[in-house]
Amino acid sequence: MKSKNRKFPVMAAALVLSIAFSGCSNNGGNNSTADKEANAAPAPATANAEVQGGPLTKYDPPITLTSTMNETGKETLAEGDTHANNVWTRGYEDELGIKVTYDWIVADANYNDKMNVTLASGDLPDVLKVNMVQFEQLYKAGMLQDLTEVYDQYASDLVKEYYSEEDGAALKPVTKDGKKYAMVSYGGSLDSSDMVWIRKDWLDKLGLAEPKSMQDIIKIAEAFAFNDPDGNGKKDTYGISLSKDLPINGFLLGYHAYLETWIKNDQGEIVNGTIQPEVKEGLAELQRLYKEGVIDPEFGVKDFAKQMEDVNAGKAGMFFLPQWAPFQVKDMIKKDPTVNWVPYPVQSIDDQPAKTQNHLSLGGVFAVRKGYEHPEALIKLLNFQAEKMFGESAATERAKYLNGDTGLGFQNAVVSNLPPNKNVKAQDEVEQALKTGDTSKMGLEAKLFYDDIQAYRGGDLDKWHMERIFGPLSSQGVIKYYRDNDLIVMNEFIYAPTKTMNSKSATLDKLRSETFVKIIYGSLPVDDFDKFVTNWKKLGGDEITKEVNEVVKGQ
Amino acid sequence: MHFNPRQFMRNIPLHLMILPALLLIIIFSYIPMAGLVIAFQDFSPISGFRDMTWTGLENFRYLFDLPGFRQVVWNTVIISVLKIIAGLTIPVIAALLLNEVRANGFKRSIQTIIYMPHFFSWVILGGIIVDVLSPSSGIVNMLLKSLGIQPIQFLADNNWFRYVLVITDQWKEFGFGTIIYLAALTSIDQSLYEASIIDGAGRWKQTWHITLPGIRPIMILMLTLSLGNVLNGGFDQVFNLYNPLVYESGDILDTMIYRIGLQEAQYSVSTALGLIKSVVSFVFIGLGYYLAYRFAKYRIF
């Protein structure tokens, strides 16, 4: 005990000294930069040593910044580059004076687990690339730096422009009491739009017109099941393909039912779309169609992969998936070029227009550890990435940073944020270019899409999916139709899950999928939907609704 | 049993040799047990163990209050008990039958073939089984149809689902059990058979009085060990085969906790469930050990 007591003051002294020294070196560093700036331009004489000029001003001497990284694959890296040392890290150091090092680099699939371990260890990197749940934990533990000021001061116009889209939705989930605690990667919400995919070649064969209403959709589905669209004389096709995960949004939207979406009702209260009476109407119709044999009779035991197997085997003529669906059926076209999947907007059962329901999903949350001396460095890194890809220097340097034709190099930026909803904008450019033949005004990415579509039209069936995602008749075209005609219902709840959501949603999800699949199978009557609503409310739904209203109104 | 200092001294090198293994077990098995405290806390990985609020039995209460928890426990127990029974009989029968096969090449190839599914993952088998049992195109239902029986949706029917789980589980694993019992059979003293033949025992009598008693210790060992699995229904299998239609007969503890855990990393609740399962398994293994000793005079360890 004695020796311990004697040691303590020594240690304390050492600690004090080290703090004093680090304080000195900090001041030294800042002073010298301040001197430089004073020489270059009359810098505002401020006591705040953190002020470091504009969005892309270089640190001198260089600073260090630690973060973490997921493996992005070797096709994203130029010859000889590694995840730890590549065109991005060199760019940061040469042009920004930020030496970025990674505490660890792991496979994408393990990133989340590794981050959980890191958070638990307490040894945090300077820039924390986390998910929404981890962000919430860090915020509650008071371990995050408030970025409001450095964002306002340092963010480039380009970065600010991206974050201001869709009414500034991107940064809302990471804003607490008006303060921004993180930056995000936000791709926009438009790509989450629902749509109806129909085999146009079957439509033509059966002499049916394109759908203009929900009634048409139902008639088409029935014809696909009963009128032998594949012409083999057997009743071996069905109208609607589903899986046990119930991808029925594209159908229910025709009844103005918004599954798993928080919507505002007439009284201004936010309610969950899942328990609204419109869902019951849609389920009743699905039950009828299942009984008739229009829906795959075995969908209840099939997962998504199995469902897509059937679709690719030519068994179904209709399914409901977002804009990326062509990737799922592209092999079909390679085998039989007459197959023609075409996306249509959701259709309405009555005189009210049908709308899609969209969700905000963040690709990543970038926060700064409390106590890091250069929180503005995060903003500068984002400025840098936006500048190299979309700014003035993009014309000459973009290809270098994107690793040439692969276009995937941006994944190696320590933090990155792409312009929201860039796909629909690219579709716009592609459609114009296809009409006029003038490719001079196209963005680099749109030009790549355009070339792919030209290749498809020249006979390269491998590129068919590009035609259906970005061509004139494509999923992004459908999204453009939604956008331009104001046919989007946005999920009102864009924040981290509430307390009761965490503890009760698994139960509620089970209740929903069990009830809905059974209703469609006909083993429960449609009226059991009312029982489901009562149970849903009782088992935590009411509590969650209350919390959601509090969160949304508190913003 | 008495402590003998001289013997102990003589064995010191042996004791030292076991030390590394012991250390590993202490470090990786015993010390982490302290982590079980988070079952009684409201744990957040960021604040760590120390700053946690104690919640007593709150997490256990949460588990037991989950709607349908009883049903899920019941499903788990009934599925695993069925599996234990099947796992004890089918491999023994298969081993006895294989033991009677004289042609060595034939015996070996059968053994390899039935052992093979053991190496497939349930992810792959799940897809195959969905196809095989499909009411419209699966081979099982085509056979039934040719016998004039209406197609059955095996995977969507609560009356069938548990049996499908047990049968497919055995189809995958009985080859493995068979190998263990075949090994046990080779250890039976051949002179016993010769003596019984002289006494006029036929094949049945030999099996009943020599073979089965001969492999009884292994059977008891396997039974006792499998008792520890009473609260394990087989996550991989159920997860790849179940669907909303058969939640009421097929949802087990592990799949439920997977869905809850997946929602938002509820470490404390998962740990609480793990603790319950461990305690129950421990009790069952202890009980099995006692019964094995009491009735079969067999000590496993």
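Computation of the quantities below employed the complete heavy-atom set of this structure, encompassing side-chain atoms and omitting hydrogens, waters and symmetry-equivalent molecules. Because the structure is predicted, anything quoted here is derived from the model rather than measured.
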Undergrad: Mark yes when over 12 heavy atoms from residues, nucleotides or ligands other than I139(B) sit less than 6.0 Å from its CD1; otherwise mark no.
TA: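 For I139(B), atom CD1 is not crowded (no more than 12 foreign heavy atoms under 6.0 Å).
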Undergrad: So which of V269(B), L133(B), D131(B) has the largest heavy-atom pair count under 4.5 angstrom toward chain A?
TA: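 Heavy-atom pairs under 4.5 Å are most numerous for D131(B).
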Undergrad: Side chain, backbone, both or neither: which part of K306(A) has a heavy atom under 4.5 Å from chain B?
TA: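 It is the side chain, since no backbone atom gets that close.
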Undergrad: Does a sphere of radius 6.0 Å around CZ in F304(A) hold more than 12 heavy atoms from other residues, nucleotides or ligands, not counting ones at 6.0 Å or beyond?
TA: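 Yes, CZ of F304(A) has more than 12 neighbouring heavy atoms, counting only those of other groups under 6.0 Å.
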Undergrad: Where on S503(A) is there a heavy atom nearer than 4.5 Å to chain B: the side chain, the backbone, both, or neither?
TA: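 Both backbone and side chain of S503(A) come within 4.5 Å of chain B.
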Undergrad: Tell me whether the count of non-hydrogen atoms from other residues, nucleotides or ligands lying under 6.0 Å of NZ in K235(A) goes above 12.
TA: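 Yes, enclosed.
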Undergrad: With no hydrogens and no angle check, is any side-chain donor or acceptor of E298(A) less than 3.5 Å from a backbone partner on S136(B)?
TA: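 Yes; judged by distance alone, with no hydrogens or angles, the pair exists.
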Undergrad: Got a sec: does the CZ of F284(B) have more than 12 other heavy atoms crowding it under 6.0 Å?
TA: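 At most 12 heavy atoms, drawn from other residues, nucleotides or ligands, come within 6.0 Å of this atom.
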Undergrad: Would R259(B) and D509(A) satisfy side chain to side chain contact (heavy atoms under 4.5 Å, CB included), going step by step from the backbone distance to the final call?
TA: CA-CA 9 Å; R259(B) 290 197 308 273; D509(A) 286 349; over 6 Å; no
Undergrad: Of the backbone (N, CA, C, O) and the side chain (C-beta and beyond), which part of L66(B) lies under 4.5 Å from a heavy atom of chain A, both, or neither?
TA: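 The side chain, not the backbone.
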Undergrad: If you count heavy atoms of other groups shown closer than 6.0 angstrom to CH2 of W104(A), is the number above 12?
TA: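 More than 12 within 6.0 Å, yes.
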Undergrad: With only heavy atoms counted, which part of K140(A) is less than 4.5 Å from chain B, the side chain, the backbone, both or neither?
TA: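 K140(A) has no heavy atom closer than 4.5 Å to chain B.
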Undergrad: So if I take each residue of residues 235-251 of chain B and look for any heavy atom under 4.5 Å from a heavy atom in chain A, which residues do I end up with?
TA: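 If one takes a 4.5 Å heavy-atom cut-off, the residues of residues 235-251 of chain B near chain A are Y242(B), N243(B), P244(B), L245(B), Y247(B), E248(B), D251(B).
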Undergrad: Below 4.5 Å from any heavy atom of chain A, which atoms of D65(B) appear? Answer side chain, backbone, both or neither.
TA: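 Neither part.
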Undergrad: Chain B heavy atoms under 4.5 Å from T507(A): which part of the residue, side chain, backbone, both or neither?
TA: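 Looking at T507(A), just its side chain touches chain B.
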Undergrad: Can you tell me if Y62(B) has over 12 outside heavy atoms packed within less than 6.0 Å of its OH?
TA: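 Yes, the 6.0 Å shell around OH holds more than 12 heavy atoms from other groups.
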Undergrad: Working to the nearest 0.5 Å, report the span between CG of D236(A) and OG of S137(B).
TA: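 It is 11.0 Å, given to the nearest 0.5 Å.
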Undergrad: Suppose we screen for salt bridge (charged side-chain N to carboxylate O under 4.0 Å, His left out). Which residues come up paired with D146(A), at least two apart in sequence or across chains?
TA: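 Counting only residues at least two positions away or on another chain, D146(A) forms no salt bridge (charged side-chain N to carboxylate O under 4.0 Å, His left out).
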